[in-house]
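Working notes for the structure below.
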Amino acid sequence: MEIQKDEFNEMIFSRINKLIDDYQLIKEGDKIAIALSGGKDSVLTIHALKNYQMQSKFDFELVAISVDEGIDGYRQHGIDSAISNAELCDVPLIIKSFSEEEGFDLDDIYSYFKSACIPCGVFRRNILNKTAYEWGADKIATGHNLDDEIQSFLMSFSRGDTVKFSKFGPELDKIHEKLVPRIKPLWNTPEKDVGTWAVLNNIDIHLAECPYSNLSLRAKIKDFLNKTESQHPGTKSNVMESFKKILDVPSTRTFLNECEECGEPTSGKICKTCEIKSIISENMN
Ligand code: SF4
């Protein structure tokens with residue numbers, strides 16, 4: 001049966017709007033920074049928040065932030081897609097890069113780590129948070145979809161990192177003045193619906209796989225989940241249901257300090273960004 005574009009758009013935007021309303025992800029006067037990589041999830045997020053803003057009875061402000069990690073032959077199309085979709089949605093876009101902020105590209109330093117995703121994720125989160133904080137953002141909206149959330153849950157589970165369970169759910173608490181809390185408007189949107197929306201609407205998105213993604217634990221868990229789901233349908237929703245039960249258990253609140261080196265929020269004495277910078281300088285010297 002052919003899927004009708006208008007009906008599908010109505011379904012997907014209504015579900016996102018309902019999640020925003022149910023969890024009060026956006027409030028009057030909020031300044032929301034959208035993490036816009038140019039991939040399908042972040043592109044749906046900017047379109048969905050623009051749609052919500054146009055239908056909303058109250059005012060709130062949007063900006064998009066893109067971070068260029070410096071991955072040759074991969075990132076530029078993502079940035080081009082971010083520019084065209086931000087223009088289409090009439091949302092201002094701030095572009096930052098590892099090379100301007102840190103003095104190197106990911107391509108220059110990834111080999112010092114077990115996976116390129118370790119320094120990539122740490123620097124990207126750091127740059128995104130600092131940029132959003134400087135802009136005065138109340139929240140950062142990310143494109144995490146239902147599949148991402150299940151993968152993150154299993155990643156933390158497989159690492160025995162139960163502290164990370166407090167990072168699940170459609171909105172995260174503000175736990176430090178300088179750490180802008182996250183909201184996830186696609187939290188209950190399956191990845192396949194995001195893909196269908198992009199295809200039906202002929203949206204300019206960055207589809208290429210990151211050349212480093214096959215090295216990551218996330219890629220392996222994603223592959224495992226997709227294979228298991230095709231052989232045992234319902235696996236993903238069972239994992240999600242278990243995860244929601246855990247979410248209902250009151251979590252231990254994480255208190256953050258300020259990094260002794262750079263002053264950014266961290267759970268230890270030195271933040272992950274400074275730890276990774278010191279590994280890089282040891283290897284470079
Ligand atoms: Fe960065 Fe890993 Fe994502 Fe590639 S797959 S963009 S290296 S986090």
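We count ligands from 1, going down the list as the structure has it; atoms in each ligand are counted the same way. Model, not experiment: these values are computed from the prediction.
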Requested in this report: Measure the distance from atom 2 (Fe) of ligand 1 to every protein heavy atom, then report the residue, atom name and distance (to 0.1 Å) of the closest one.
Outcome: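 Minimum-distance protein heavy atom for atom 2 (Fe) of ligand 1 reads C117 SG, 2.3 Å.
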Atoms of ligand 1 close to [X] [distance to a heavy atom under 4.0 angstrom, numbered from 1]:
| X | answer |
| --- | --- |
| C210 | 4 (Fe), 5 (S), 6 (S), 7 (S) |
| R124 | 1 (Fe), 3 (Fe), 8 (S) |
| S213 | 5 (S) |

Report task. Please tell me if the side chains of R15 and T189 come closer than 4.5 Å, counting only heavy atoms from C-beta onward. Result ->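 In contact.
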Once you measure the plane-to-plane angle for [X] and [Y], does it fall in the parallel (<30°), tilted (30-60°) or perpendicular (>60°) bin?
| X | Y | answer |
| --- | --- | --- |
| F60 | Y52 | tilted |
| H77 | H206 | perpendicular |
| F13 | W197 | perpendicular |

Query raised in the report: Are F123 and F104 an aromatic pair by the rule of ring centers under 6.0 Å?
Result: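 Between F104 and F123, which both carry aromatic rings, the centre distance is below 6.0 Å.
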Query raised in the report: N/O/S atom of C120 under 2.8 Å from atom 1 (Fe) of ligand 1, yes or no?
Result: yes
